[in-house]
Structure formats: C-alpha cells, structure tokens
Amino acid sequence: MANPFLFLEYEPAFEALGRDYYDEVVAAEFPLHILRFRNDQILTQLGLDPQTVTDDHFIEAFGKFESVRPALAMCYHGYQFGEYNPQLGDGRGFLYGQVRGIDGELYDFGTKGTGQTPYSRNADGRLTLKGGVREVIAAEALHRMGVRTSRTLSLVETGEKLYRSDEPSPTRSAAMVRFSRSHIRFGTFERLHYFGRADLITKLLDHVIEYYYPHFKTESDRYALFYGELVKRVATLVAQWMAAGFCHGVLNTDNMSITGESFDYGPYAFIPTYNPRFTAAYFDSSGLYCYANQPWVCKGNLERLQQPLKMVIDAEALESGLDLFDHQFRETYRQLMINKLGFGQLPLAEAEELLKLTINLLKNNDLGYHDFFSLLTQEFCADWQDNFSQICKTEGLPKFEGWRKLYLESWQQLYHHYLQTLSPQQLDEMKARLKRYNPTVVPLRPQIEAVWEPIFVEDNWEPFYSLLKRIKTE
Ligand SMILES: Nc1ncnc2c1ncn2[C@@H]1O[C@H](COP(=O)(O)OP(=O)(O)OP(=O)(O)O)[C@@H](O)[C@H]1O
Ligand SMILES: [Mg+2]
C-alpha cells in the first residue's frame, strides 16, 4: 500500500514565505532504522486510520525522510541565558512539512537529530536516543496534564555512535519527528530585527496571524491584538507548567513558540518536592531558569520580543499587551491549583487562602509535590466532612512533628471548612475532578532513568511502553 504520509495534503505555508526565512537542507543517511515509538493518537488527529499505517511507512517518511516537499532548516536567533546569540537556527532538524488536522488547524512536522545544516556550527546535527526517549515522555505526560504542548509523532533509532559530555559515551542516536502548532520562535523575529528588516517582520507577522491568530486578520490593530493574545497564551502556559510541577529548564527565546505552545524537552524535570529553587539544567549554574523563576522569565522573554515587534507595532500598545501577563498567570495558576485540590470554583479570597496554606504545607515538608496530590486523590472520601483530622491522615504521609504539624493542621482545617459547604453530589464531582487533574503517574527523573536503564542494558523497551501507557490511562 502507498505510504499515507507521502499522500497527505502538505500545505507549504512557511515555505511560501521564501528564502529569507529558511535554507533547504537534506536529511542525513543513517545506517539503521528501528521504529521505537509511533504516536497513533496523532494519526487519528490527522484523519489517518492507524491500522492502515505500517511501521515501514513511518520509517520511510520519518527515518529515511522520503518526502514530497523540500526540508527547510528554519532560521532563528535567540537570547540564551540573557546573552544574544546570532548563531542559532535549526542545527539538527528541519521542517518536514505542514498539514491540517481534522480540527482544521495547521500543524508542523519538525525533525530533531536529522543531520547537519548551515546552523550546526561544529556540532553533529544528531539527537541521542536517550534525549528522544526523554522528549517523548515529557510531551505525553504534559499532554495528559492538560498542558498545551507539542507531541512526538515518531522516534526512530538510527544506529550511530554519539559522543556527549552528559551521557556515558558512545551513546545511541535517534531521529525524532515532532508534531506541533508551529516552530516559529520568538527568536525567528529577533533574527529579523538583528538584520534590521522591518519588511520581513511585517511579512512574518501577517503569516503568524493568518495561520495562528486568524480571528484578528481583519482588525486594523491586529498586530497589537496578536501580541496581547500571545502574552495571555504564554501566561497560561507557564501557569500550567507551575501547576503541573514542571521545570522546562532552558527558557531561551529560541525555545519560546510564537503560538504559546510548550516544546523542546531537553534537560527538563518534574519537581520532586515543592522547591522554588529547583533547577533542571545542570549547566544553569545560577539557577536562572529554576522552577519559581519561570513566570518572570517568560514575561521577560515576551518583553524582549517587543524589540523586534517595535519596528512595526506602536510601543505603547505593546506595553499594554504585556500588562495582561500578571493577571492571566495568577488567575490561571490559582484556578488550576484549586482544581488539583478537587474544587471547581471558590470565591477569590477563599481560593487564595487555600492556595497559600497548600503551598506552605508543601514547601515546609519533605512531602513529594506529586505524591501529595496523588494521595489526596486516592484517599479522598466523603467522611472527611465529619472529621477534619481524618483528612490525608495516612501512612503515606511523612511524619509531621513540631511546627510542621501546624502547617498540616491549618491546611486540614481550611480544607475541611470548604468541604462542609458541599452537597453529596458535589463531593462526587470533587472525586472525579481530583482524578482528572492529578495523574497517578508523573515521570520524575528516577522513573525516567528506570525506563532508560533496561533499554541501555538489554535493549528492553517494555518499561518505556508501559510507562507511556500508564501516563495515558491512569
Ligand atoms: N547536536 C547538535 N548539532 C547541531 N546543532 C545543535 C545540536 N544540538 C543543539 N544544536 C543547536 O543549538 C541550538 C540550541 O539547541 P536547543 O537544544 O535549544 O534546541 P534543539 O533541542 O536542538 O531543538 P528544538 O529547539 O527544535 O527542540 C539550536 O540552534 C540547535 O539547533
Ligand atoms: Mg531548542
């Protein structure tokens, strides 16, 4: 049967922008192609029946990179740890193609680990297999947690030996295909500002609005409206990360999507405990991108984006756009945390108070962030309405003694107080909500290592597949 990936209706939207925005490249040829992961949920999103798509189809398209469109290495710069870097761009990936989902939206197939490009500098253009495995896990877990994220369409092991300082080397290689709304980054605009090209910024803005903010297309102040909405989308995203206990790790402007979607899962980690200073990347020595810094770092990146946008948008309009960030972040974060605690809506003051006590409890104990919510979900019962000291009184919790006990008691009392206002039906809804907002499986680092170890030692992929299944279903 013909390969369905070669017969999708590719829409050359980015390609149509022209050579100022990308270079045509050719994928590397690899000595081996073993399909390690295929995401059938995405096939369904594309209107394909997974039954009719074989592993060989995946390998032809996303391992050997047979294609009906040119491969485009996208150009971008970026601020990395505060320093401007004009030597970036797709150095190990390219835009394979763009297609419409059954929802009518345009999506990218973007590769990672597919060989050198003009932007590789001295690097090899490759992705390690472990890096690919980690990215698959991050995207699936975040998706389960309701975060607006890219997904991984495929991961193909490619049989090369790579040398990396952060993995025992030689280590195995892979080519990954990412499915996302767009690979246009804040840094895509920053590069055009660097070259002083207001004309290209305008053209790119029109493109972004046409495909990703089409409801503003006919508005006279559409550029300012776009920026305001981007600010809100990014604020929402970072609130989702914070509630999910996720630390992205490398919030450079080349890793910030112009659609406000989360992507690029390198050194990320889910926080084990609520530690505001938790830092995911070992090379982030000052802790710039630590867990608690994420909101202001993202806001700062949005502010940096004003530099290129100011070439074509009024500065005051951009300032008022940025002003939307704090409110959007706070509202979304508070609501998500209230949901994680099982409540639908609470009056503002009560929600703030409960959130404050919850954070106090989490921060001042060795309690695992995800363990706490998981426990609450498992143990929640209507009897708690009758006795506050029963709330989360379980063997699963570490011992609370001395002043730590006070944090637990004040949290229990308030939680109990709000429970009292609920009807039996509302208590049932609460149970369902706890399940929806608190997945059983959150892939902390040790769990990811536990999945990688059998792959590394004996090429056993079962624990990886079983983790993904549990992420999806529990
Ligand atoms: N092994 C490599 N070979 C060539 N270029 C690389 C390699 N690793 C990273 N780069 C380049 O370094 C820059 C920063 O890399 P970063 O890790 O943020 O992105 P990435 O993970 O390669 O890709 P993406 O942002 O699309 O997920 C990018 O320009 C990237 O292309
Ligand atoms: Mg990147």
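Along the sequence shown, residues carry numbers from 1. Both ligands and their constituent atoms are indexed starting at 1 by order of listing. Computed from a predicted model, the values in this text were never measured in an experiment.
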- [ ] Heavy-atom distances under 4.0 Å are what count here, so tell me which part of Met74 touches ligand 1: side chain, backbone, both or neither.
- [x] neither
Task: Identity of the nearest option to atom 26 (O) of ligand 1, non-hydrogen atoms only, from Arg178, Met256, Arg126 - done: Arg178
Task: Between Tyr119 and Asp23, a side-chain donor and acceptor under 3.5 Å - done: yes
Task: Sub-4.0 Å atoms of ligand 1 with respect to non-hydrogen atoms of Asp124 - done: 1 (N), 2 (C), 3 (N)
Open item on the list: Just to confirm my output: which protein heavy-atom neighbour is closest to atom 16 (P) of ligand 1, and how far is it?
Closed with: Asp264 OD2, 3.6 Å
TODO: Check whether any N, O or S atom of Asp254, backbone or side chain, sits closer than 2.8 Å to the Mg ion (ligand 2).
DONE: no
Open item on the list: Closer than 4.0 Å to some heavy atom of Asn255 - which atoms of ligand 1 meet that?
Closed with: 18 (O), 25 (O)
TODO: For the Mg ion (ligand 2), find the closest N/O/S atom belonging to Asp264 and write down its atom name.
DONE: OD2
Task: Nearest-contact summary for atom 29 (O) of ligand 1 - protein heavy atom, Å - done: Gly89 O, 2.7 Å
TODO: Please answer whether the main-chain N or O of Ala317 pairs with a side-chain N or O of Asp314 as donor and acceptor at a distance below 3.5 Å.
DONE: yes
Open item on the list: Could you check whether any side-chain N or O of Asn438 sits under 3.5 Å from a backbone N or O of Lys340, counting only pairs where one atom can act as donor and the other as acceptor?
Closed with: yes
- [ ] State whether the side chain of Thr111 and the backbone N or O of Phe94 hold a donor-acceptor pair below 3.5 Å, judged by distance alone.
- [x] yes
Task: Phe373-Tyr369 aromatic ring centre distance below 6.0 Å - done: yes
Open item on the list: As a test of the contact definition, would atom 1 (N) of ligand 1 count as having a protein heavy-atom neighbour under 4.0 Å?
Closed with: yes
TODO: Determine, for Tyr213 and Arg233, whether the Lys NZ or Arg CZ falls below 6.0 Å from the six-membered ring centre while staying within 45 degrees of the axis.
DONE: yes
TODO: With heavy atoms of Arg185 as the reference, note each atom of ligand 1 found under 4.0 Å away.
DONE: 24 (P), 25 (O), 26 (O)
- [ ] Considering the heavy atoms of Gly125, write down every atom of ligand 1 situated less than 4.0 Å from one of them.
- [x] 1 (N), 2 (C), 3 (N), 4 (C)
Open item on the list: Does ligand 1 come near enough to His183 that some N or O of the ligand is less than 3.5 Å from an N or O of the residue?
Closed with: no
Open item on the list: Taking 4.0 angstrom as the limit and counting only heavy atoms of Gly91, give me the atoms of ligand 1 inside it, by number and element.
Closed with: 3 (N), 4 (C), 5 (N), 31 (O)
- [ ] May I ask you to check if ligand 1 and Leu88 share an N or O to N or O distance below 3.5 Å?
- [x] no
Open item on the list: Below 4.0 Å, non-hydrogen atoms only: which portion of Arg164 touches ligand 1? Side chain, backbone, both or neither.
Closed with: side chain
TODO: Can you sort out which atoms of ligand 1 are near Asp254, meaning under 4.0 Å from one of its heavy atoms?
DONE: 18 (O)
Task: Where Met1 and His57 come nearest, the two heavy atoms and their spacing - done: O-NE2, 3.4 Å
- [ ] Answer yes or no as to whether an N/O/S atom of Asn255 is found below 2.8 Å from the Mg ion (ligand 2).
- [x] yes
Task: Polar side chain donor-acceptor pair, Tyr289 to His248, under 3.5 angstrom - done: no
- [ ] Please test His207 against Phe14 for side-chain contact (heavy atoms from CB on, under 4.5 Å), starting from the C-alpha separation and ending with a verdict.
- [x] CA-CA 8 Å; His207 170 90; Phe14 191 75; 4.2 Å; yes
Task: Enumerated ligand 1 atoms positioned under 4.0 Å from heavy atoms of Tyr76 - done: 28 (C), 29 (O), 31 (O)
Task: Positive for ring-ring contact (aromatic ring centres under 6.0 Å, His included) with Tyr291, one of Trp241, Tyr268, Tyr274 - done: Tyr274
Task: Heavy-atom nearest neighbour in the protein, as seen from atom 11 (C) of ligand 1, with distance rounded to 0.1 Å - done: Arg121 NH2, 4.0 Å
Task: Ring centres under 6.0 angstrom apart (Phe186, Tyr79) - done: no
Open item on the list: Could you work out, for atom 17 (O) of ligand 1, the closest of Arg92, Gln80, Lys112, Gln87 by heavy-atom distance?
Closed with: Arg92
- [ ] Tell me, with the steps shown, if Glu261 and Ser150 meet side-chain hydrogen bond (donor to acceptor under 3.5 Å, both in side chains).
- [x] CA-CA 7 Å; Glu261 190 183 59; Ser150 69; 5.4 Å; no
